[in-house]
**Q** 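Have a look at the structure that comes next, please.
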Amino acid sequence: MLRNFRPALRITLVFWLLTAVIYPLVLFVIGQLVFPFQANGSLLTDAQGTVVGSQLIGQPFQSDRYFWGRPSAIAYATDPADRQTGISGNQHLGPTNPQLRDRIAAEARRLQAAGLSSIPSDLLYSSASGLDPHISSAAAQAQVARVAAARQRSPEVIAELVECYRDRRVFGLIGGTGINVLQLNRALDLPQPSTSQICPKL
């Protein structure tokens, strides 16, 4: 039995070293050297270098000066206790649940009061994760007039900014064409931007 135990122990230790130490360490080093932005959370900063959020996680915006994202059943985990636990998810309310109907009706009234006559569905329904950072192009275009009026800017300039921050499909096939709300709102806070600032993808 002892003769069989020793090889088994050695194999266990070797595989533990490979899978629990060497493999994670190699991935960590590759991530830091090749993809440091993504590996460290895809964090976005303002002009002063202060972190304002991650482009992978949505956050609530209430001011008329900003584009609003999708509603979130967990309010994008902005409560300090939620941030510590990393909470995510949805309420999973069925279509006949009165709580869901009431929430959607209240959201629709709020958006209509803000001047949105046609409301895209992603401004009414939360995502499954409750953390979606994107909205559709239609949802962004529906808010252009409101944001332009609040900032006393030309709607054409705001619409151009929206188009510049629309995600493109990789190879024309992979990915969506949504708009990252945090990135778009971050660009809005630039001083009266030049063409290169308005559309950094050009």
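FYI, the numbering just counts along the sequence from 1. Side-chain atoms are counted along with the backbone in the values below, which use heavy atoms only and exclude waters and symmetry mates.
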**Q** Is there a path from L43 to L131 through hydrophobic residues (I, L, V, M, F, W, Y) whose side chains come within less than 4.5 Å of each other?
**A**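 Looking at the clustering, L131 is in a separate group from L43.
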**Q** Rounded to the nearest 0.5 Å, what separation is found between the CZ atom of F28 and the CG atom of L33?
**A**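 Taking CZ in F28 and CG in L33, the distance rounds to 9.0 Å.
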**Q** Just one of L27, L25, V21 clears the side chain to side chain contact (heavy atoms under 4.5 Å, CB included) bar with Y23, so which one?
**A**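 Only match with Y23 under side chain to side chain contact (heavy atoms under 4.5 Å, CB included): L27.
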**Q** More than 12 heavy atoms of other residues, nucleotides or ligands under 6.0 Å from OH of Y125: yes or no?
**A**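 No, not enclosed.
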**Q** Looking at R166 and S136, would you say the former's side chain and the latter's main chain have a donor-acceptor pair under 3.5 Å?
**A**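 No, the answer is negative, given that no donor and acceptor are paired below the 3.5 Å cut-off.
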**Q** With the 4.5 Å side-chain cut-off for hydrophobic clustering, are F15 and V26 part of the same group?
**A**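 Not linked; separate clusters.
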**Q** Looking at Q55, is its backbone amide N or carbonyl O close enough to the side chain of S42 to form a donor-acceptor pair, meaning the two atoms are under 3.5 Å apart?
**A**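 Such a contact is absent between S42 side chain and Q55 backbone.
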**Q** Look up atom CD in Q99 and atom CD1 in I104, then write down how far apart they are to the nearest 0.5 Å.
**A**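 Q99 atom CD to I104 atom CD1 measures 12.0 Å (nearest 0.5 Å).
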**Q** If you compare all heavy atoms of Q59 against all heavy atoms of G53, which two are closest, and at what distance to 0.1 Å?
**A**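 That closest heavy-atom pairing would be NE2-CA, 3.8 Å.
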**Q** For residues L116 and Q143, determine if any side-chain heavy atom of one lies less than 4.5 Å from a side-chain heavy atom of the other.
**A**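 Heavy-atom side-chain distance check passes, below 4.5 Å.
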**Q** Heavy-atom distance under 4.5 Å between the side chains of T45 and V51, does that happen here?
**A**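 Side-chain contact under 4.5 Å: yes.
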**Q** Should L9 and L13 be marked as a side chain to side chain contact (heavy atoms under 4.5 Å, CB included) after you check the CA-CA gap, both sets of side-chain angles, and the distance that decides it?
**A** CA-CA 6 Å; L9 180 60; L13 290 175; 4.2 Å; yes
**Q** Between Q32 and A39, what is the shortest heavy-atom contact and its length?
**A**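 Where Q32 meets A39 most closely, the heavy atoms are NE2-CB, 3.9 Å.
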**Q** Same cluster or not: are V14 and L17 linked, directly or through other Ile, Leu, Val, Met, Phe, Trp or Tyr residues, by side-chain heavy atoms under 4.5 angstrom apart?
**A**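 Same cluster.
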**Q** Supply the atom-to-atom distance N40 CG to F35 CZ, rounded to the nearest 0.5 angstrom.
**A**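 Reported value, rounded in 0.5 Å steps: 13.0 Å.
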**Q** Is there side-chain contact between L188 and Y165, with heavy atoms separated by less than 4.5 Å?
**A**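 No, too far: nothing below the 4.5 Å cut-off.
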**Q** Can a cation-pi geometry be assigned to R151 and Y66, taking NZ or CZ under 6.0 Å from the six-membered ring centre and within 45° of the ring axis?
**A**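 That pair qualifies as a cation-pi contact.
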**Q** For F61, does the CZ atom sit with more than 12 other heavy atoms under 6.0 Å from it, leaving out its own atoms?
**A**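 Check passes, neighbour count above 12.
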**Q** Can a side-chain donor-acceptor contact be found between E156 and S154 if the only test is distance below 3.5 angstrom?
**A**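 Distance-only check passes for S154 and E156.
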**Q** Under 3.5 Å, side chain of W68 to main-chain N/O of S63, donor-acceptor pair present?
**A**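 Here the side-chain-to-backbone pair exists.
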**Q** Linking I/L/V/M/F/W/Y whenever their side-chain heavy atoms sit closer than 4.5 Å, directly or via other members, would V29 and F37 fall into one cluster?
**A**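 No; F37 is not reachable from V29 via cluster members.
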**Q** What is the minimum heavy-atom distance between R101 and T96, and which atoms define it?
**A**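 Taking every non-hydrogen atom into account, NH1-O, 2.7 Å.
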**Q** Can you see which heavy atom on E107 is nearest to which on L123, and at what distance?
**A**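 Looking at all heavy atoms of both residues, the shortest contact is CG-O, 3.5 Å.
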**Q** I need the L44 CG to N185 CG distance, nearest 0.5 Å.
**A**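 That separation rounds to 11.5 Å.
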**Q** Which value, rounded to the nearest 0.5 Å, describes the distance between L124 atom CG and R110 atom CZ?
**A**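 Reported value, rounded in 0.5 Å steps: 10.0 Å.
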**Q** Quick one, I179 and S137 - any side-chain contact, counting heavy atoms below 4.5 Å?
**A**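 I179 reaches S137 side chain to side chain.
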**Q** Give the minimum heavy-atom separation between P24 and T19, together with the two atoms involved.
**A**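 Scanning both residues, the minimum pair turns out to be CD-O, 3.3 Å.
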**Q** Between CD of Q183 and CG of L161, what distance do you get to the nearest 0.5 Å?
**A**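 So the gap between those two atoms works out to 11.0 Å.
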**Q** Kindly give the heavy-atom pair with the smallest separation between S72 and S126, and that separation in Å.
**A**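 For S72 and S126, the tightest heavy-atom pair comes out as CA-CB, 4.1 Å.
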**Q** Could you check whether any side-chain heavy atom of P133 comes within less than 4.5 Å of a side-chain heavy atom of I57, counting everything from C-beta outward?
**A**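 No, every pair of side-chain atoms sits at 4.5 Å or beyond.
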**Q** Please determine if D122 and R70 form a salt bridge, counting it only when a charged side-chain N lies under 4.0 Å from a carboxylate O.
**A**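 No.
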